[in-house]
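Right, one structure below, let's go through it.
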Amino acid sequence: MKELRAKIVDIAKRRGIYWGAYEIYSGVSGFYDYGPVGALLKKNILDYWLEEFVYKDGLLLIDSPAIGPDSVYKASGHADKFTDYMVRCNSCGHAFRVDELIAEYTDNPDALSPEEINEIIQKHEIRCPDCNGEFGPVEEFHLMFSTKIGLDKLGFLRPETAQGIFVNFPTLYRVNREKLPMGVAQIGRAYRNEISPRQGMLRQREFNMAEIELFFDPETEFNKELLGDIVLPLKTMDGAELKLRAKDAYNSGIANGYTLYYMGKILRFLERVGIDISRVRFRQHHREELAHYSRDTWDCEILLSYGWVEAIGISYRGDYDLSRHMKYSGVDMRAFRKFGKEKIVQINKIVPRMELLGPRFKAMAMKIARAMEDMELTEEVSGTLRVEIDGRIYEVPEEAYEVISIEKKVTGERFVPHVIEPSFGIDRIVYAILEHSFYEREDSGYKVLRFAPQIAPVKVGVFPLMSKDGLDTIAMDILKMLRISGINAYYDDSGSIGRRYARADEIGVPYCITVDYQTKEDSTVTIRHRDTTEQKRLSRDNLRDLLRKLVLEELKFEEL
RNA sequence: GCAGGCGUAGUGUAGUCUGGCAGCACAAGGGCCUUCCAAGCCCUUAGCCCGGGUUCAAAUCCCGGCGCCUGCACCA
């Protein structure tokens, strides 16, 4: 298996798919460049992702900034949960994670403040495990990259693209004409300052994500018709491995309906982009494994040379994110749920008597009156009323207001929507495609990447059989014609024809056109199929239309 | 961050122990040849991770740094 990894790394660098970034300065782990071939591969995957997940389901695509103020990440919980405390030994300089050092002295090392940690270290005389030296003060280590916005405002690089969607919920909800369910998608880079990233492309400090937040009303029944007969490979929290039809899984209550819906879509998507879905499963997180925001998470894992690798996560985040942003920002993030029938309810309402409030409170009178009107009267109100505005308490005497009982028509109520979040690790999918589409030909031993035509970076190679006798100029004409038509094609006249096919196979070019001597007589060319090496003759005239169909996979090579 | 291993053309490696002209293969570029799956011939490009030390002389020995790999830890 290690062998395979080495071959992928080799081919990736040699042919321009990807490589470690900043090589001339000896590299920085956790950062990668996509080369000319890889950048197109990634783009094609994302284009197809848009088709499948955004256009087909009518989602809203947005694009928000990668840098956000710390207020956003305080609200999201990342500022806390993404911080580790460390101490450094004064004599040997080694750094240690605090939670490990003090684990035996406290139940919840994660909940302590730096001061409390210092206290524990002092009290129990904890010393450096390496040299028994004394520790310096507690330092913070952020898994988020921090930066300054302007002169001194603290900012973070987003550790996920999701928050850009949550903070915009009220606007998006209106744009969507206040309808749920509402799906919002975002493609972009996210950043995590991993302590020591390994595993190549699979764990990067700057990486590409495609995320969806599907907002829905938890009280509206899920439409089962959305689930097909597709069979889902599941591994549940208690370790059971099952293959269940999506509908049956829903009936058994194993997961949320939208989670199952996305599992089905993901499986079809992965198959189409070239993943062997017999090496795919959905693994449910254990409770203690869940992220701080999650109620239930299923990882879509792909079997690679590294073992089972999480490539996509489907998280049921409940109302966590919107509730937090509502609390921290003070902005109403709720949606409206209409009742089937409108209800008539009796409510008590305070009516302020302005002629008494005015003289007494002067400029504050209007504010106090509004606050009184907005009070939720759950119990009887009488006597002096205490009204709080901006932290100050105002005492309103009994005679300055009246309580009246009125009938009110209630057509619905406000609630915080729930969220299902399918989150795609694009780089992991790209890498998985490389591993799953790589093979070596039995006869010659040379290497092939079996990319699906739709995601193949280069769709067609155009070769003159001999680079003389005018074959080269005909081939160049065909190349131009294809390029003008929006088909990514390239020309190669170097070395023998076999060598050129081999080069094309290495970067997964699905079709090769060869101009030979017969072309000069009857204007036909050969087309060669990468996966079978079979060839057919086609007329030059309908080459463009046929190739288009082949690339879109509307036509198979066998049908030519 | 810890422990171990490693760092030589684009890629893979020899040379390091025992200091003395840095070699091979593949790939790439040019040319000749060639009528369909990495053919052959000629030519070319291109390298000792960085810094310091020892030495007449360092890829080789010593020190420091950086990076990569494996394991541990970490992995929202």
Side-chain angles (χ1 to χ4, degrees), chain A residues 2 5-7 9-16 19-20 22-31 35 73 76-84 86-89 92-97 99-100 110 129-130 141-144 158-160 162-163 190-200 202-205 285 289-294 297 299 306 309-310 313 315 317 423 425 440-441 443-448 463-469 471 494-506 512-520 525-530 532-535 537:
Chain A
K2 228 176 192 178
R5 219 182 290 169
K7 283 173 185 166
V9 171
D10 168 48
I11 210 170
K13 176 146 193 208
R14 209 155 35 77
R15 302 307 309 275
W19 54 79
Y22 308 116
E23 253 173 9
I24 64 164
Y25 295 106
S26 62
V28 185
S29 71
F31 294 95
Y73 293 102
S76 72
H78 289 98
D80 288 338
K81 299 288 175 175
F82 265 41
T83 302
D84 285 332
M86 305 185 50
V87 281
R88 209 171 280 280
C89 170
C92 71
H94 289 171
F96 298 89
R97 287 170 51 97
D99 49 1
E100 286 161 22
D110 294 335
D130 287 357
F141 179 83
H142 276 287
L143 233 48
M144 280 192 292
R158 62 185 176 197
E160 57 174 19
Q163 296 307 322
Y191 304 81
R192 293 177 194 179
N193 199 4
E194 306 279 358
I195 298 170
S196 70
R198 296 278 173 75
Q199 303 169 311
L202 299 183
R203 203 148 146 247
Q204 299 185 52
R205 287 178 165 132
H285 277 206
E289 197 184 350
L290 289 175
H292 61 275
Y293 49 69
S294 179
T297 295
D299 281 348
Y306 293 90
V309 169
E310 174 198 351
S315 228
R317 298 172 78 128
S423 170
E440 290 170 291
R441 287 206 198 281
D443 43 356
S444 56
Y446 69 74
K447 302 168 178 63
V448 186
F463 314 144
L465 186 61
M466 297 292 141
S467 47
K468 59 179 184 187
D469 303 327
L471 299 185
S494 160
S496 71
I497 191 74
R499 177 179 293 253
R500 286 177 256 163
Y501 287 143
R503 277 196 203 108
D505 289 344
E506 265 194 345
C512 293
I513 301 291
T514 299
V515 172
D516 57 14
Y517 286 93
Q518 197 180 325
T519 310
K520 291 172 78 169
V525 294
T526 65
I527 178 166
R528 177 245 194 204
H529 184 223
R530 178 195 61 209
T532 57
T533 74
E534 209 183 308
Q535 289 184 43
R537 285 204 87 85

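Below, read A as the first sequence line, B as the second, and so on, with proteins coming before strands; counting in each chain starts at 1. These figures come from a predicted structure and were not determined experimentally.
Within 4.0 Å of A:Glu506, counting heavy atoms only, lies at least one base atom of the nucleic acid.
Look at the P atom in both B:G1 and B:G65: the space between them is 11 Å, to the nearest Å. The C1' atoms of B:U18 and B:A59 are separated by 15 Å, rounded to the nearest whole Å. Between the C1' atoms of B:G47 and B:A22, the separation comes to 9 Å (whole Å). The gap from the C1' atom of B:A14 to that of B:G7 amounts to 15 Å, rounded to the nearest Å. B:U70 and B:G30 have their P atoms separated by 37 Å, with the value rounded to a whole Å. Comparing the C1' positions of B:A27 and B:A46 gives an interatomic distance of 12 Å, to the nearest angstrom. Taking the C1' atoms as reference points, B:C62 lies 13 Å from B:G19, given to the whole Å. Comparing B:G10 with B:A28, their C1' atoms sit 8 Å apart, to the nearest whole Å.
The base of B:C36 sits within donor-acceptor range of the side chain of A:Thr526, with an N or O pair under 3.5 Å. A donor-acceptor contact under 3.5 Å is formed by the side chain of A:Arg528 with the base of B:C37. The base of B:C75 has none of its N or O atoms less than 3.5 Å from a complementary donor or acceptor on the side chain of A:Glu194.
A straight line from CD1 of A:Ile497 to C1' of B:A39 spans 14 Å, rounded to a whole angstrom. Taking atom CZ on A:Phe31 and atom C1' on B:C68, their separation rounds to 16 Å, with Å as the unit. Atom CZ of A:Phe463 is separated from atom C1' of B:A38 by 12 Å (rounded to the nearest Å). To the nearest angstrom, C1' of B:C37 lies 14 Å from CD of A:Glu534. With rounding to whole Å, A:Arg441 atom CZ is found 18 Å from B:C36 atom P. As rounded to whole Å, 17 Å separates atom P of B:U34 from atom CG of A:Asp516. Taking atom CZ of residue A:Arg5 and atom C1' of nucleotide B:C68, one finds them 14 Å apart after rounding to whole Å. Straight-line distance from the CD atom of A:Glu310 to the C1' atom of B:C75: 10 Å, rounded to whole Å.
Of the inter-residue distances, the one linking A:Arg441 atom CZ with A:Asp505 atom CG reads 4.5 Å to the nearest 0.5 angstrom. The structure places OH of A:Tyr73 at 7.5 Å from CD of A:Glu160, a figure rounded to the nearest 0.5 Å. The distance from the CZ atom of A:Arg14 to the NZ atom of A:Lys447 is 6.5 Å, given to the nearest 0.5 Å. Atom-to-atom distance recorded for A:Cys512:SG and A:Arg503:CZ is 11.5 Å, nearest 0.5 angstrom. Between A:Asp516 atom CG and A:Ile497 atom CD1 the span is 9.0 Å, to the nearest 0.5 Å. Within the model, atoms CZ of A:Arg158 and NE2 of A:His78 stand 12.5 Å from one another, a figure rounded to the nearest 0.5 Å.
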With Watson-Crick and G-U wobble geometry limited to distances under 3.5 Å, how should the secondary structure of RNA chain B be encoded in dot-bracket form, using | for bases paired to another strand and [ ] for crossing pairs? (((((((..((((......[..)))).(((((.......)))))....(((((..]....))))))))))))....

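Salt bridge absent: A:Lys520 and A:Asp469 never bring a charged side-chain N and a carboxylate O closer than 4.0 Å.
Taking side-chain N and O atoms only, A:Ser496 has no distance below 4.0 Å to OP1 or OP2 of B:A38.
Mapping A:Lys13 and A:Asp505 onto RNA chain B via the closest heavy atom, the residue that lands nearer the 5' end is A:Lys13.
With hydrogens and angles ignored, the 3.5 Å screen pairs no side-chain donor or acceptor of A:Arg528 with any backbone N or O of A:Gln535. The closest donor-acceptor contact from the side chain of A:Arg205 to the backbone of A:Ser29 lies under 3.5 Å. A donor-acceptor contact shorter than 3.5 Å is absent between the side chain of A:Arg15 and the backbone of A:Gly35.
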Pick out the pairs of N or O atoms, protein on one side and nucleotides 27-31 of chain B on the other, that lie under 3.5 Å.
unit_1 : atom_1 : unit_2   : atom_2 : d
B:A27  : OP1    : A:Arg499 : NH1    : 3.3
B:A27  : OP1    : A:Arg499 : NH2    : 3.4
B:A28  : OP1    : A:Arg503 : NE     : 2.5
B:A28  : OP1    : A:Arg503 : NH2    : 3.0
B:A28  : OP2    : A:Arg499 : NH1    : 2.8

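Among the nucleotides B:C37, B:A39, B:G67, the one closest to any side-chain atom of A:Gln535 is B:C37. Candidate nucleotides B:U34, B:C74, B:A38 were compared by shortest atom distance to the side chain of A:Arg203, and B:C74 ranks first. Across B:C36, B:A38, B:G10, the shortest atom-to-atom separation from the side chain of A:Ala502 is found for B:A38.
Applying the 6.0 Å contact sphere to CZ of A:Phe31 captures more than 12 heavy atoms from other residues, nucleotides or ligands.
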